[in-house]
Structures are given as structure tokens and as C-alpha cells.
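Everything numeric in this text was worked out from a predicted model, so none of it was measured. Atom set for the values below is all heavy atoms of this structure, side chains included, hydrogens, waters and symmetry mates excluded.
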Amino acid sequence: MRYDLIIFDNDGVLVDSERISNTILARYLTELGYPTSYEDSIRDYMGSAMHRIHDLVLQRTGRRLPEDFDETFHGRVFAAFERELQPVPGAMELIEKLAADGIAYCVGSSGSHERIRVGHRKTGLDRWFAAGRVFSSQDVGRGKPAPDLFLHAAREMDVAPERCAVIEDSPLGVQAAVAAGMDVYGFTAMTPREKLAEAGATALFGHMTELPELLR
């Protein structure tokens with residue numbers, strides 16, 4: 001493999017959470033008086049940190065979300081995770097292969113550390129992701145599409161950016177990886193191929209079983 005470190009986005013790449021969380025987000029924003037469809041949520045917020053939701057609502061309406069918005073939203077999401085969350089098909093097997101081959105890997109997610117932990121515990125991925133392999137937008141000043149998170153992960157894992165490959169499923173995440181000087185592989189399970197290509201993806205794939213060959 002030509003990379004020394006594989007950095008995985010979490011939501012939609014390792015855990016099949018985007019459908020769950022964006023359904024809940026659209027309903028909650030609508031409930032608060034900001035009509036939002038599931039498609040709107042995917043388009044505007046998928047792959048972003050929580051501050052983007054606050055920023056866009058304020059920008060578009062001139063109104064601020066409630067102070068307890070994050071807490072309430074995460075409470076609803078975590079409850080749904082406990083009922084429904086599954087690993088992305090093929091993700092567990094891919095991580096097992098990387099570990100067996102001695103290839104370094106980690107998570108670089110816009111989600112909070114708590115959200116990552118809840119999802120990994122529910123799906124069994126926590127076995128493969130100790131604390132030192134998990135990096136969140138909480139760890140840096142700016143979330144995706146800024147490169148800060150991926151550069152932070154590379155520093156902590158002691159790997160040069162040009163030796164890293166990022167696995168992403170959102171245009172914001174692809175843009176962040178490109179800005180970090182890393183190759184990025186776009187996962188098209190939920191995002192149109194053209195959107196990831198326009199964002200600068202090095203290559204595209206539709207199932208985790210395709211990824212090992214692309215990374216060689």
C-alpha cells in the first residue's frame with residue numbers, strides 16, 4: 001500500500017448514521033420553525049460540524065437556535081442509534097484487514113467524541129478504535145471544509161500529509177482533505193458521484209470491498 005495512514009470519516013463511512021441523523025435533524029429544525037426536508041439536511045449539513053447548523057440558520061433567518069439545541073438533538077440521535085445503528089457494509093472487514101496488514105488508520109470526524117463513541121460501541125467498532133485513533137472537530141478550531149482536523153490527525157499519528165489517504169462521503173470532507181494536501185477517496189453510497197468529483201476526490205467507489213485495490 002502506498003499510504004502510511006488511512007483516515008476515515010465516521011458518519012456514513014464507518015457507521016450508517018447519516019440517514020438517521022439527517023432525518024432527525026430535518027424534523028427537529030422543522031419543529032422549531034425552520035422548515036427543512038431530509039434532502040435539505042443532506043445537502044446543507046452532511047459531513048459538517050454542529051456549528052455549521054447554527055451558522056446557516058442564523059445567516060438565513062436572523063434567528064438563533066435554542067441554547068439546548070445541541071443537547072436535545074444529540075439526545076434524540078443517540079436514542080435512535082441504540083435502536084437502529086449498523087456499521088457500513090464492509091467497513092468492519094476493511095478495518096480488520098488494515099490492522100492485520102499493519103497499516104495505520106484512524107477516524108477524523110466532524111462529530112463529537114461522544115457521538116463517535118456511542119456509534120462505535122453500538123456497532124462493535126470500538127474494538128478497533130482506541131482513543132488514540134479517534135479525532136473530532138472538537139479537537140481543532142475549524143471543522144470541515146477547513147483542513148485543520150485532517151492535519152491534526154496526521155500530526156498526532158506522526159505521518160506526513162502527503163502519505164495519508166482520506167476516506168470521505170461528503171463534499172465538505174473531500175474539500176478538507178484536498179486542502180490538507182491528502183489524497184481522498186469518495187464513497188458514493190449517499191452522495192452523487194459528480195458532487196464528490198467536483199469537490200476534488202482522487203477516486204470514487206461505491207462499496208468498501210473496492211477500496212483496498214484503490215489504495216494499492
Side-chain atoms of residues 209-216: list all donor-acceptor pairs with protein atoms under 3.5 Å, sequence neighbours left out, distances to 0.1 Å.
residue	atom	partner	partner atom	Å
T209	OG1	H207	ND1	3.0
E210	OE2	G206	N	3.3
E210	OE2	H207	N	3.1
E213	OE1	R216	NE	3.2

CD1 on I116 to CG on N10, rounded to 0.5 Å = 5.5 Å
Kindly indicate whether the side chain of L65, heavy atoms from C-beta on, has any atom under 4.5 Å from the side chain of L29.
-> yes
Quick one: do L25 and Y45 satisfy side chain to side chain contact (heavy atoms under 4.5 Å, CB included)? Show the steps, please.
-> CA-CA 9 Å; L25 177 58; Y45 305 121; 3.6 Å; yes
Same cluster or not: are I53 and Y34 linked, directly or through other Ile, Leu, Val, Met, Phe, Trp or Tyr residues, by side-chain heavy atoms under 4.5 angstrom apart?
-> yes
Is the backbone N or O of S48 less than 3.5 Å from a side-chain atom of K144, with the two atoms forming a donor-acceptor pair by type?
-> no
Are L151 and F8 co-members of a hydrophobic cluster defined by side-chain heavy atoms under 4.5 Å apart?
-> no
Any L14 side-chain heavy atom under 4.5 Å of V88 side chain = no
Looking at residues at least two apart in the chain, or sitting in another chain, which of them share a salt bridge (Lys or Arg N to Asp or Glu O under 4.0 Å) with R43?
-> D40
Check against side chain to side chain contact (heavy atoms under 4.5 Å, CB included), R64 and F69 = CA-CA 10 Å; R64 296 186 182 277; F69 178 86; over 6 Å; no
Answer yes or no: is there a donor N or O on one side and an acceptor on the other, between the side chain of T188 and the main chain of F205, under 3.5 Å?
-> yes
Mark yes or no for whether S109, through its side chain, and D9, through its backbone, hold a donor-acceptor pair below 3.5 Å.
-> no
Trace of the side chain to side chain contact (heavy atoms under 4.5 Å, CB included) decision for V166 with T202 | CA-CA 10 Å; V166 176; T202 306; over 6 Å; no
Could you tell me which residues satisfy salt bridge (Lys or Arg N to Asp or Glu O under 4.0 Å) with R76, sequence neighbours excluded, listed by chain and number?
-> E31
Transitively linked via ILVMFWY side-chain contacts under 4.5 Å: I6 with M157?
-> no
Treating Ile, Leu, Val, Met, Phe, Trp and Tyr as nodes and any side-chain heavy-atom pair under 4.5 angstrom as an edge, say whether W128 and L98 lie in one connected cluster.
-> yes
Quiz: residues 180-187 side-chain donor-acceptor pairs under 3.5 angstrom, not counting sequence neighbours:
residue	atom	partner	partner atom	Å
D183	OD2	Y3	OH	2.5
Y185	OH	R2	NH2	2.8
Y185	OH	Y3	OH	2.6

Could you go through the side chain to side chain contact (heavy atoms under 4.5 Å, CB included) check for I167 and I7 one step at a time?
-> CA-CA 6 Å; I167 316 303; I7 305 176; over 6 Å; no
Non-hydrogen atoms of V134 and D139 that approach each other most closely | O-OD2, 4.4 Å
Under the side-chain hydrogen bond (donor to acceptor under 3.5 Å, both in side chains) test, residues paired with K97 that sit two or more places apart = D101
Other residues, nucleotides, ligands: >12 heavy atoms within 6.0 Å of D68 CG = yes
Tell me, please, which residues at least two apart from H74 pass side-chain hydrogen bond (donor to acceptor under 3.5 Å, both in side chains).
-> none
So which heavy atom on A176 is nearest to which on A146, and how close?
-> CB-O, 3.3 Å
Shortest non-hydrogen contact from L5 to A154?
-> CD2-CA, 4.2 Å
Is there a donor-acceptor pair under 3.5 Å between the side chain of S137 and the backbone N or O of S110?
-> yes
Distance-only donor-acceptor pairs under 3.5 Å for side chains of residues 54-62, two or more places apart:
residue	atom	partner	partner atom	Å
H54	NE2	D70	OD1	2.7
D55	OD2	H51	ND1	3.3
R60	NH1	D44	OD2	2.9
R60	NH2	D44	OD2	3.4
T61	OG1	V57	O	2.6
T61	OG1	R63	N	3.1

Residues two or more places apart in sequence or in another chain: which of them pass salt bridge (Lys or Arg N to Asp or Glu O under 4.0 Å) with D11?
-> R115
Which residue pairs pass the ring-ring contact (aromatic ring centres under 6.0 Å, His included) test with at least one member in residues 149-177, sequence neighbours excluded?
-> F135-H152
Separation between CZ of F129 and OG1 of T123, rounded to the nearest 0.5 Å = 9.5 Å
Does the side chain of V77 come within less than 4.5 Å of Y28's, by heavy atoms?
-> no
Could you check if a side-chain atom of F73 sits within less than 4.5 angstrom of a side-chain atom of M50, using non-hydrogen atoms only?
-> yes
For N22, which residues count as a side-chain hydrogen bond (donor to acceptor under 3.5 Å, both in side chains) partner, sequence neighbours excluded?
-> E18, S41
Heavy-atom closest pair, residues P147 and R142 = CD-NH2, 4.2 Å
Sequence-distant partners of R163, side-chain hydrogen bond (donor to acceptor under 3.5 Å, both in side chains), two or more places apart | D4
Would you call R19 and E84 a salt bridge, taking side-chain N to carboxylate O under 4.0 Å as the test?
-> no
Do F81 and L125 belong to the same hydrophobic cluster, where Ile, Leu, Val, Met, Phe, Trp and Tyr are linked whenever their side-chain heavy atoms lie under 4.5 Å apart, directly or via other members?
-> yes
So, Q138 side chain and H113 main chain: donor-acceptor pair closer than 3.5 Å or not?
-> yes
S170 versus L196, closest heavy-atom pair with distance = C-CD2, 3.6 Å
Heavy-atom closest contact (V178 atom, A199 atom, distance) | CG2-O, 4.0 Å
Here the gap from E67 atom CD to T72 atom OG1, rounded to the nearest 0.5 Å, amounts to 11.5 Å
Could you work out the complete set of other residues in the hydrophobic cluster of M190, with links drawn between I, L, V, M, F, W and Y side chains under 4.5 Å apart?
-> Y38, I42, M46
So, S136 side chain and G111 main chain: donor-acceptor pair closer than 3.5 Å or not?
-> yes
